[in-house]
Each structure stands twice: as structure tokens, then as C-alpha cells.
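Quick note on labels: first sequence line is chain A, next is B, and so on, each numbered from 1.
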Amino acid sequence: MIRSDYRYAIDFYANDRAQPRTHLGLVAFDPDFEPAVESAVLAGLRCGALMPDARIEAALLTPVWAERGAPFVDAFEVRLESEGSAPFVQTIPRNWLRSAARTASATMIERGLLAAGDLFRHEVCAFDAAPAAKSGAAGGASARGDGVACDAALRTPALAPQRYDLIETLRDAGALDDPDVRDPALVIPAGVIEQTREAARRAGNSETGGILIGRICRSADPGDIVVEVTAQVPAAHSVATETRFTFTPETWAAASDAIALRRRNEKMVGWWHFHGWFCRKCSKQAQESCVYSRPFFSEEDVHLHRTVFGRATNVALLVSDFGPRGQEVAVYGWRDAEVVRRGYYATAPATARIAAPAVYDGDQAGGDPRVAAGDDSGPAAHHDHHDRHDKARAQGEPTDVCTQNP
Amino acid sequence: MNTLTLHASDVTGQKAVDVPAMESGATVSEMVQQLLARLGLVRNDAEGLPLTYRARVSRSGRQLHGGEIVGDALEDGDEVVLQPHINAGGRASLVLSDVAPSSSATQPVRRAC
């Protein structure tokens with residue numbers, strides 16, 4: 001059960017030149033804690049502190065106060081109690097709650113304190129909850145913050161029985177988009193990427209997509225987690241327009257049937273979709289500064305990823321068409337409870353390796369002492385802390401939008 | 001009251017729950033709502049509107065209709081998968097710059113994740 005003994009609010013401040021840092025007010029909200037818990041679960045699994053396919057008995061989230069002190073929150077300490085393991089604690093920055101701030105800003109608009117389109121700054125605040133109001137108390141709320149009781153057993157991800165020979169696999173692999181040690185290694189066959197690109201080419205101006213299937217493995221050396229994509233299943237029974245792609249219940253059923261037919265111990269590990277050339281009718285000058293002129297993960301995309309692919313190991317591949325510039329492939333995944341663009345390795349199918357011996361020898365709590373997030377002795381390299389999107393925002397991301405977008 | 005023991009999961013199988021006593025006389029729609037709550041699945045889309053989920057029986061591969069009765073459609077021990085009707089794509093969100101949503105001037109968006 002996910003629990004936090006605090007009440008939360010977003011504290012809004014103006015961000016315009018006329019009224020810099022003017023305090024606008026507080027809006028109460030129920031944080032979506034599940035991404036933070038999932039992030040902590042993955043961190044525990046990676047370093048061997050948590051066993052695979054183990055029940056999480058409890059997840060307790062406690063605010064980490066900002067430098068200016070309570071009630072301002074800088075991060076959350078996630079404490080996990082899992083069967084077969086000692087308690088594991090991971091600190092998650094509060095950045096993933098930006099989406100909650102955007103949602104809460106609608107209330108500020110209602111109150112007349114913000115107008116649609118206004119820039120604002122925000123802080124996350126936490127206040128001691130009264131005993132009866134503490135979330136997660138007996139018969140109380142789920143982590144989703146809508147007051148509904150959830151009794152699904154939270155379990156750590158199950159791993160494929162065979163160890164994955166990551167070092168051997170990566171000998172012939174290309175590193176794309178600067179794989180980061182903060183993320184588990186993601187391996188995608190070049191053939192799968194080409195299939196998505198070809199499907200995108202055939203789709204023309206309509207969006208298209210599919211489901212990524214594969215396995216979650218532990219690498220033979222170092223013993224970190226590896227996300228291995230083995231194939232993509234085109235989204236059958238889907239509905240597509242130029243700006244929207246719908247996965248229907250029949251789409252998921254067809255993908256499940258495909259996985260069952262393959263009988264390769266695979267599961268859904270993510271999804272992919274295609275963005276057409278939104279700027280095709282716009283001037284070259286407008287295209288250069290438009291937000292649609294580079295890969296983007298829309299709010300709907302993030303929401304789908306959260307809804308269906310909420311495990312921290314889940315990934316999403318995006319193929320974008322930029323006309324004369326050609327296609328660009330971007331991969332997204334969870335990092336510290338946020339969906340961010342991330343690096344990956346593309347391999348030729350024949351180079352995927354399974355380490356010998358083939359018999360799984362089981363994980364031990366305590367794990368491989370060589371393995372820890374940030375250990376750069378393995379194939380992943382250290383990279384700049386900021387991903388490219390964060391850099392763009394910090395430097396003043398252009399907000400101009402081509403006027404002729406569909 | 002007759003009940004059925006069911007095993008429910010999301011489409012990926014990453015979330016699963018055993019339901020020891022699902023009312024046989026409930027409709028499939030009612031069962032889906034209960035299972036959504038028990039699994040802790042997201043109920044609303046990006047705009048705050050309710051998501052549509054359908055239940056699929058793993059044993060037969062059949063998708064159930066909301067008006068069917070649980071006791072008629074399912075057997076004891078059945079596995080049920082909740083499958084969403086969900087969208088991807090759309091316009092880039094301007095929220096990367098912490099801008100108040102321009103589409104929420106009169107209708108506040110509440111997202112229950």
C-alpha cells in the first residue's frame with residue numbers, strides 16, 4: 001500500500017515582469033505517487049536491494065524539505081518494504097509534480113488570479129495531515145489521490161530467467177541519444193526501429209503506432225537491469241488521424257494474442273507511435289522556431305504512457321517526420337518519476353546475446369556490489385546531467401507555433 | 001449471494017489482483033468499475049474525461065459487453081483483462097514553460113491519475 005502522512009498543495013507565484021514572485025495562493029491537490037514509487041522500485045531492483053517479482057508490502061512517502069524549510073518540498077523520500085529484503089529508501093526529486101501544478105493552475109484561472117497562457121512559478125508544499133485524514137490509512141485512499149481504495153498487490157518487476165550478456169551485445173551496437181547511467185540500458189534491434197520508420201513512411205500524414213514487446217533482464221556483467229525490446233507489434237484495430245492515434249481494446253487484444261503465439265516469454269515493455277510533418281504548410285522561418293519542428297511527447301502521449309506503461313522500465317519510441325530533414329527517432333522513458341527523452345542502443349538482430357550458463361541462478365538480496373546506479377564501469381557512459389529537453393527549457397525554449405498546423 | 005473468484009489485470013499484466021468474491025449478479029460494467037478501483041488504474045484521459053475500459057476473458061479471448069451479467073459471462077477462476085480505449089498524439093503541450101493551460105479558461109481540467 002502506498003501512503004503519505006501529509007496533505008499537499010501547490011503554492012503559486014506570478015512570473016511576469018510587472019509582478020515578479022508575487023504570491024498568488026495555494027491550491028490543494030492529491031499527488032500521483034505511483035510514478036515515484038515505481039522509480040524507487042526500479043532503483044532498488046537495479047542495485048539488488050529488492051528481489052524481482054516480490055510483493056511490496058508498503059511504500060511510505062515523506063517530504064524532504066527545501067533549503068528554506070517546511071512546508072516547502074524539494075523531494076520525496078520513498079521507503080519501500082518488500083518481502084525478502086531489508087527496507088529500501090530512495091529520494092525522488094519533486095519535478096514530476098509539475099504536471100499537477102499545471103492541472104492546479106486551472107483553479108487559479110477560475111479564481112481570476114491567473115489568465116490562460118500566463119506564466120507562473122510554483123512550489124510544492126506539505127502539511128501534517130490530521131490522523132483521520134492521513135492517506136493510506138485503513139480503508140483509506142489509494143496513491144492515485146481520488147479517494148478510491150486500491151488493493152492491487154504492488155510487485156517488483158519479474159525478470160527473464162536468463163541473464164543478458166550486455167557487454168557482448170553492445171560490441172556491435174550503436175549508442176543513440178547518449179545513454180545515461182541513470183536509466184537501465186535499453187536495447188532495440190535496428191530491424192525493429194526500421195519497421196517503425198517504414199510503417200511511418202507508409203502512414204503518410206496520419207499517425208500510426210504499435211506496441212513494443214520484449215523482456216526485462218538482469219545483465220550477466222554488470223548485474224544491472226536491461227530492457228530488451230525484441231519486436232514491435234503494429235497496432236491493429238486502431239483509429240488514426242493526422243494528430244491523433246487511438247489504441248482500442250481490440251488493439252491490446254491483438255497484441256496480447258501475438259505475444260501468446262510467439263511463445264518467447266515476452267511481454268509488453270512499451271509502445272511506439274508516429275508524428276507526421278505538422279509544419280509542412282508553414283514558412284521555413286516559422287518552422288525553425290516552432291515547437292513542432294522537433295520530437296515532442298505531447299500531454300496525451302505522457303498520459304497514455306502513465307496510464308498503460310507506468311512501470312519505470314517501460315519505454316516509448318516516437319518516429320517524427322520533418323519533411324526535407326527526414327525522419328527522427330526519439331525514445332522516452334521514466335526517470336525520477338518523469339517521462340523524459342532517453343538514450344538507447346540499437347543492435348543488429350544477430351548480435352543479441354544470451355549469457356551462458358542458460359540456467360537462471362537467482363538474485364540474492366544485497367546484490368552484486370559492482371552494481372549501483374552511477375557505476376560507470378559497465379557499458380553505459382556518464383553523461384551530462386541535463387537531457388536535451390531540459391537544456392532547451394532552461395535556455396528559453398521558443399513557444400512560437402506555426403499558424404497553419406492541423 | 002453467489003460470487004465468483006476472478007483474477008484481474010491490466011493489458012500489460014504489470015498490475016494484477018485476485019478478487020475472491022465478485023458478485024455473480026453484477027453487470028460487467030459494474031465489475032469493470034470495481035476492478036478499475038482495485039487495480040488502481042487511471043480512470044480519466046488527459047482532458048479529465050472518463051476513459052473507456054472493456055473486459056476481456058483470457059480463457060476465450062472474448063470481449064465482454066457492459067450489459068452482460070457476470071455470472072453468465074464468466075466462470076469461477078477466470079482471468080479478466082481490462083483494456084482501455086486511449087489516445088496518443090495531439091498537440092505539443094506548452095506546459096514545458098509552466099504556462100497555465102490555455103484550454104482551461106472556463107472548464108477546469110481535473111486529472112485523477
Heavy-atom proximity to chain B below 4.5 Å, by part of A:Thr248: both
Toward chain A, the part of B:Leu82 with a non-hydrogen atom under 4.5 Å: neither
B:Gln63 versus chain A, the contacting section by heavy-atom distance below 4.5 Å: side chain
Exam field: side chain A:Asp257 to backbone A:Ala254, donor-acceptor pair closer than 3.5 Å: no
Test item: A:His275 side-chain N/O and A:Arg294 main-chain N/O as donor-acceptor pair under 3.5 Å: no
Sidechain-backbone polar pair: B:Asn87 side chain, A:Thr246 backbone, donor-acceptor under 3.5 Å: no
Expected output: side-chain B:Ser9 to main-chain B:Ala16 donor-acceptor under 3.5 Å: no
